[in-house]
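Since the structure comes first, as structure tokens, the remarks are kept for the end.
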Amino acid sequence: MNLILLGGPGAGKGTQAKKLIEKYAIPQISTGDILRAAVKAGTEMGRKAKEYMDAGKLVPDEVVIGIIRDRLAQADAKKGFILDGFPRTVPQAEALDKVLGGLSAKIDHVVSIDVDEEALVTRLTGRRTCKNAACGQMFHIKFTPAKKEGICDKCGGELYLRDDDNETTVRSRLATYNQATKPLIDYYTKKGLVRPIAGVGGIDDIYNKIVGILGAGSGCACSCGGGKH
Ligand code: AP5
């Protein structure tokens with residue numbers, strides 16, 4: 001199964017991706033995570049990307065398209081993948097179609113998670129993320145607090161507030177989403193791929209809805225009926 005999770009900042013893409021990768025045993029590919037790793041490593045790409053990220057703007061298309069091209073070519077992506085935070089512009093979606101065409105692959109579903117904007121601001125300003133990149137589990141100080149404040153339940157790593165999770169940057173990210181990323185709903189609707197999901201309610205309820213839409217029964221969520229991947 002090749003899946004795109006689409007939705008505004010804080011819609012729950014990462015939260016749901018972390019649950020879905022366990023069920024389907026395919027990798028989560030998050031451009032945000034890859035860019036944050038480059039920032040942390042202090043690479044030239046990371047230094048340039050940080051300026052855009054801190055301002056709530058998009059990193060230039062050619063940079064993220066290059067990242068995705070390299071990542072999809074890796075062996076673990078052959079059995080399927082969950083794209084989280086990519087594509088974010090129509091040119092990125094068009095580039096993805098080309099990359100997948102070259103790999104004789106295609107997108108099976110685009111799950112579009114819808115959450116009201118003020119709820120997104122509350123979610124992001126209260127989010128705490130595990131510093132351990134191999135874990136990266138998200139918590140929320142009110143909705144899903146860690147058992148021990150500041151410590152990840154899963155791996156014991158330290159929790160932190162992302163640099164771009166302050167209200168000013170969150171509002172800029174929302175404006176960027178509305179202007180550049182929302183048009184992708186139309187782009188993929190025309191291809192018959194969009195599966196809309198209301199992203200409010202319990203995390204497990206939303207997960208169950210997604211799995212229901214993807215067709216959990218066959219063990220494969222694409223149209224192959226379960227036998228081809
Ligand atoms: P990225 O890291 O992709 O950020 P984002 O899209 O803004 O998404 P988030 O990770 O903030 O939110 P999410 O939807 O994963 O929500 P989560 O599950 O954590 O990108 C960051 C930056 O990198 C961009 O601004 C841009 O600069 C750059 N970038 C990345 N990709 C790019 C690209 N393709 N092109 C150009 N630039 C790119 O949940 C949020 C919170 O809500 C958590 O606390 C969680 O616990 C809580 N929560 C989740 N579900 C629920 C629920 N049902 N009820 C209550 N709380 C919930």
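We count residues from 1, following the sequence as given. Keep in mind that this is a model prediction, so the values were computed, not measured. Just so you know, ligand 1 is whichever comes first in the structure, and atom 1 is the first atom listed for that ligand.
- Any N or O atom pair closer than 3.5 Å counts here, and G85 shares at least one such pair with ligand 1.
- Formation of a donor-acceptor pair under 3.5 Å by the H140 side chain with backbone atoms of T122 is found in this model.
- Inter-residue side-chain proximity for N178 and E117 is flagged as met; some heavy-atom pair is nearer than 4.5 Å.
- Of the options R123, M53, E51, K57, the smallest heavy-atom separation from atom 41 (C) of ligand 1 is shown by R123.
- Within the 4.0 Å heavy-atom shell around ligand 1 one does not find S30.
- Ligand 1 places these atoms under 4.0 Å from at least one heavy atom of D164: 21 (C).
- Using a distance-only test at 3.5 Å, with no hydrogens or angles considered, a donor-acceptor pair links the side chain of D108 to the main chain of N2.
- Checked by atom type and distance alone, the side chain of R123 pairs as donor or acceptor with a backbone atom of G10 at under 3.5 Å.
- Contact annotation: for T129 versus ligand 1, there are no heavy atoms closer than 4.0 Å.
- Nearest to atom 15 (O) of ligand 1 by heavy-atom distance, out of A180, A17, G14, G32, is G14.
- The shortest distance between side-chain heavy atoms of V170 and D164 does not fall below 4.5 Å.
- Heavy-atom proximity to M138, at under 4.0 Å, picks out these atoms of ligand 1: 18 (O), 19 (O).
- Heavy-atom distances between R128 and ligand 1 stay at or above 4.0 Å for every pair.
- Heavy atoms of G7 come nearer than 4.0 angstrom to ligand 1 in no pair at all.
- Not a single N or O atom of L124, backbone or side chain, sits closer than 3.5 Å to an N or O atom of ligand 1.
- Using a 4.0 angstrom heavy-atom cutoff, Q16 does not count as in contact with ligand 1.
- Looking only at side-chain heavy atoms (C-beta outward), D97 and Y187 come within less than 4.5 Å of each other.
- Of all the heavy atoms of I206, the ones lying under 4.0 Å from any atom of ligand 1 belong exclusively to the side chain.
- Nearest protein neighbour of atom 35 (N) of ligand 1, counting heavy atoms only, is Q92 NE2, 3.0 Å.
- Closest to atom 37 (N) of ligand 1, if we only count protein heavy atoms, is V59 N, 3.0 Å.
- The residue among G201, G12, G56, G8 with a heavy atom at the shortest distance from atom 53 (N) of ligand 1 is G201.
- The T31 neighbourhood of ligand 1 comprises atoms 30 (C), 31 (N), 32 (C), 33 (C), 34 (N), with distances under 4.0 Å to a heavy atom of that residue.
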I'd like to know whether R71 forms a salt bridge (charged side-chain N to carboxylate O under 4.0 Å, His left out) with D76, so could you lay out the CA-CA distance, the side-chain angles of the two residues, the decisive distance to 0.1 Å, and finally the verdict. CA-CA 9 Å; R71 184 63 187 85; D76 67 336; 2.8 Å; yes
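- The protein heavy-atom contact nearest to atom 29 (N) of ligand 1 is L35 CD1, 3.5 Å.
- Classification of R171 and E167 as a salt-bridged pair holds, one side-chain N sitting under 4.0 Å from a carboxylate O.
- For F139, every heavy-atom contact with ligand 1 shorter than 4.0 Å involves the backbone, none the side chain.
- For the pair K13 and ligand 1, the shortest N or O to N or O distance falls below 3.5 Å.
- T15 OG1, 2.5 Å is the protein heavy atom nearest to atom 18 (O) of ligand 1.
- For atom 4 (O) of ligand 1, the closest non-hydrogen atom of the protein is R162 NH2, 3.3 Å.
- For ligand 1 and T144, the ligand atoms under 4.0 Å from any heavy atom of the residue are 46 (O).
- D153 contributes a side-chain N or O that, together with a main-chain N or O of K147, makes up a donor-acceptor pair within less than 3.5 Å.
- Residue T176 does not touch ligand 1, judged by heavy-atom distances below 4.0 Å.
- Note on E44 versus K48: salt bridge recorded, some NZ/NE/NH1/NH2 to OD/OE distance being below 4.0 Å.
- Closest to atom 7 (O) of ligand 1 among all protein heavy atoms lies R173 NH2, 2.7 Å.
- If you check which protein heavy atom lies closest to atom 33 (C) of ligand 1, you get R88 CD, 3.3 Å.
- Put simply, the residue from D205, D84, D204 that forms a salt bridge (Lys or Arg N to Asp or Glu O under 4.0 Å) with K19 is D204.
- Atoms of ligand 1 found under 4.0 Å from any heavy atom of R36, numbered from 1 in the order shown, are 2 (O), 21 (C).
- Here the CG atom belonging to N132 is positioned 10.5 Å from the NZ atom belonging to K154, to the nearest 0.5 angstrom.
- The closest protein non-hydrogen atom to atom 12 (O) of ligand 1 is G10 N, 2.9 Å.
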Go through the steps to decide whether D33 and K40 satisfy the test salt bridge (charged side-chain N to carboxylate O under 4.0 Å, His left out), and finish with yes or no. CA-CA 10 Å; D33 286 350; K40 196 173 168 199; over 6 Å; no
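- Residue Y52 is tested with V59, L58, L35 for a side chain to side chain contact (heavy atoms under 4.5 Å, CB included); the sole match is V59.
- When side chains are defined from C-beta on, L214 counts as touching V111, because their heavy atoms get closer than 4.5 Å.
- At least one donor-acceptor pair closer than 3.5 Å links the side chain of K79 to the backbone N or O of A25.
- Residue D165 has no nitrogen or oxygen atom sitting less than 3.5 Å from a nitrogen or oxygen atom of ligand 1, judged on distance alone.
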